[in-house]
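Working notes for the structure below.
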2 protein chains.
Amino acid sequence: MKKTSSTIRDVAAAAGVSVTTVSKFINHAQRFSPPVEARVQAAIDELGYRSNPLARSMITGETRTIGLAILDILNPHFTSIVKGANRVALQHDYTLLLVDTEESQDHEQVLIEALAQRVDGVIVSSRMPEQSVQWMLELHKPVVLFGRNHHFPIPSVGTDSYLASYMLARHLLNQGHRSIAYVGFGQSRWNNERIRGVQACLAEQGLSASVYDAQAASPQGGERACSSIMLGPNRPDAVICYNDLIALGFIKAARALGFSLPQDVSIAGFDNVPYGEYASPALTTVDLQSEKMGEIAMLKLIDALAGKNDTEYSLLEPRLVVRDSTMRRAGASASEDASAARAIPIRKGTSR
Amino acid sequence: MKKTSSTIRDVAAAAGVSVTTVSKFINHAQRFSPPVEARVQAAIDELGYRSNPLARSMITGETRTIGLAILDILNPHFTSIVKGANRVALQHDYTLLLVDTEESQDHEQVLIEALAQRVDGVIVSSRMPEQSVQWMLELHKPVVLFGRNHHFPIPSVGTDSYLASYMLARHLLNQGHRSIAYVGFGQSRWNNERIRGVQACLAEQGLSASVYDAQAASPQGGERACSSIMLGPNRPDAVICYNDLIALGFIKAARALGFSLPQDVSIAGFDNVPYGEYASPALTTVDLQSEKMGEIAMLKLIDALAGKNDTEYSLLEPRLVVRDSTMRRAGASASEDASAARAIPIRKGTSR
DNA sequence: GTGAAAGCGCTAACAC
DNA sequence: GTGTTAGCGCTTTCAC
């Protein structure tokens, strides 16, 4: 084990050829006569030579590396995104570099700018308001965003949150729930869409949801939000949480308060994180196709890197996953649910 | 938005100074006369100049970046490690670059070698056998490992798996279980230690665990392993799983097979992932201090980068977390648990 | 205080 | 096929 690693010049000298020959050889850019190739290869093995990617990147201008900034690595929704993005990156011979901005939200921009300098392009999940991401355009690098941006022409991917929450609300209505609460997460981009979806659906029945806010998009946030909602004057019979993590925390806290779930209250979330399935009661949720979001974002970025710049915003379809945390409300007629599918289309005033 | 980003030379020209002055200014390596500093700053703002970290790294030889290779980003155990490592990195002004090797296990070495070239040092969680990590020494970079390596002097961190599984086995014995199965994950480094811990504890009672293997360290692995164990001729009354994910899957599958948990069988895992708490029944597990492992690994690496090279292996203490998935076996006397600490050593030849 | 010049390790014209 | 040369954008002696 040598102290300092050898350079291309060392190899060239050892093999008795020029650096160009070595460079071309290691990049498979050209074939050489068998004796030369043999000598070069021998020298490389001998010296344990490894090409320095930094030096290479400086000239070629590309790092074969893509940056991904996520909001919270502890949230399985984001790890699924990473999984999808990573798989595609690997397939295209890119390395994914991940940054978790949760620990330093104030420095989100700084962190991402620093990341952008070391990679060919970045995929960003951000909490910043849509109108204040101008700086991303000044990165001089391709950027893909999670969530549509109406102010700037940045390619993006997202799942239809409005539709997702509309579906969830409809499901709860169909089950006979009438007093529905929404526990949101105000810092998120998606929160407003989800509120709108719920309210639009309830409005069709002349109803309205009570809107609360969890201070964190985590189980702890849900736990903390629970008591004031469940023990307050307007106890809901169903609760839609901003995400599965909040829902899981809410469930735990509600049980600790003595409620039976789902008999006393139905709970649902968004994301379809893997662990909702193992919770008790198993969590009803909306699958937002996290992994696919990651895949598509990466595909878009790789396309942008290749010069293509056609697609702007890809909208994925949400899928309702009904489990045990939502149940037919006692007193609701059995026919109501069955007729729902037919009933919806003829209703009037469905609009976003 | 300019097409190409400006260089230090552009700034120097615009400010009417030399590149040296600009370089020193941006690195805060030296103060200059107020008018010069003002002009340089103005030029930087004007041109939107950002120093190219690649070019900088080429000269300084450091990237202020640390690589972390984990086995599976979908496993909350690893994301907790990342969380801890990331926090420490940020505090020390380092950026963490993450690589998930799960998607391409065959290329683990290649991936890590590539990563190592772009960072100042790497923290590695590996599935490779201890004796075949010689190549890590030839990276010419500081390396920190998860799990002790007896063959090479590489700094490492780990939680005492032997003790952890011994504790779990003891807990189950105390609850009156006598037929205990271990569902392992043969590909893991830690698996043998865990088997040994369980067997050593049981051996003290003249017992022995049946050892099985889940093919994957995931809920799916646990689900698949369940039926042959629970419906086979030697149905255990308690099952220790290699990790919480396998345990969660096992629980789900066992219920699907019609078993009542924990009445029919107690289940326990390792890691104390956040979602075990929300499962039904809530999962008994051993907290391996994942986040702290990440913190310590990063601390060790930063120390190594600073030239310190004192500590070799840090062993963290496991902590048993008893929840509802393990319960007193019907028929076990109530006094047994309380007196267990004293009673066990003197028992002789208890066998199934 | 400020600047000129020499590279870091590599690739990319362009010769021969 | 193989080699020469000129940099990529930056830091760093070492002069002035």
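The basis for the numbers below is simple: all heavy atoms, side chains too, and nothing from hydrogens, waters or symmetry mates.
- Using a cutoff of 4.0 Å between basic side-chain nitrogens and carboxylate oxygens, A/Glu102 and B/Lys83 are not scored as salt-bridged.
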So A/Val133 and A/Val124, side chain to side chain contact (heavy atoms under 4.5 Å, CB included) or not? Walk me through it.
CA-CA 11 Å; A/Val133 298; A/Val124 176; over 6 Å; no

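- By the side-chain hydrogen bond (donor to acceptor under 3.5 Å, both in side chains) test, A/Arg31 is found to be paired with A/Glu37, residues two or more places apart in sequence or in another chain being considered.
- Donor-acceptor pairing under 3.5 Å is lacking for the side chains of B/Ser23 and B/Thr20.
- When the C1' atoms of four end pairs are superposed on the next four at each end of the helix from C/dG1-D/dC16 to C/dC16-D/dG1, using five pairs per end, the two resulting axes differ in direction by 30°, to 10°.
- B/Lys141 places no side-chain N or O within 3.5 Å of a backbone atom of B/Val122 that could act as its donor or acceptor partner.
- Heavy-atom nearest nucleotides on DNA chain C were determined for B/Gln30 and for A/Leu54, and the one closer to the 5' end corresponds to B/Gln30.
- Checking C/dG3, D/dG3, D/dG1 against every side-chain atom of A/Val17, the shortest atom distance belongs to D/dG3.
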Return a single string for nucleotides 4-11 of chain D, one symbol per nucleotide in 5' to 3' order, where B is base contact, S is sugar-phosphate-only contact and - is none, cutoff 4.0 angstrom on heavy atoms.
B--BBBBB

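- Between A/Glu108 and A/Arg127 there is no salt bridge, since none of the side-chain N atoms of the basic residue sits less than 4.0 Å from a carboxylate O of the acidic one.
- Protein atom CD1 of A/Ile44 is 14 Å distant from nucleotide atom C1' of C/dC10, rounded to whole Å.
- The only member of B/Val82, B/Leu97, B/Val99, B/Ile73 that meets side-chain contact (heavy atoms from CB on, under 4.5 Å) when paired with A/Leu98 is B/Ile73.
- Across the protein-nucleic acid pair, B/His140 atom NE2 and C/dG9 atom P stand 13 Å apart, rounded to whole Å.
- Counting heavy atoms of neighbouring residues, nucleotides and ligands inside a 6.0 Å radius, atom CD of A/Glu46 does not exceed 12 of them.
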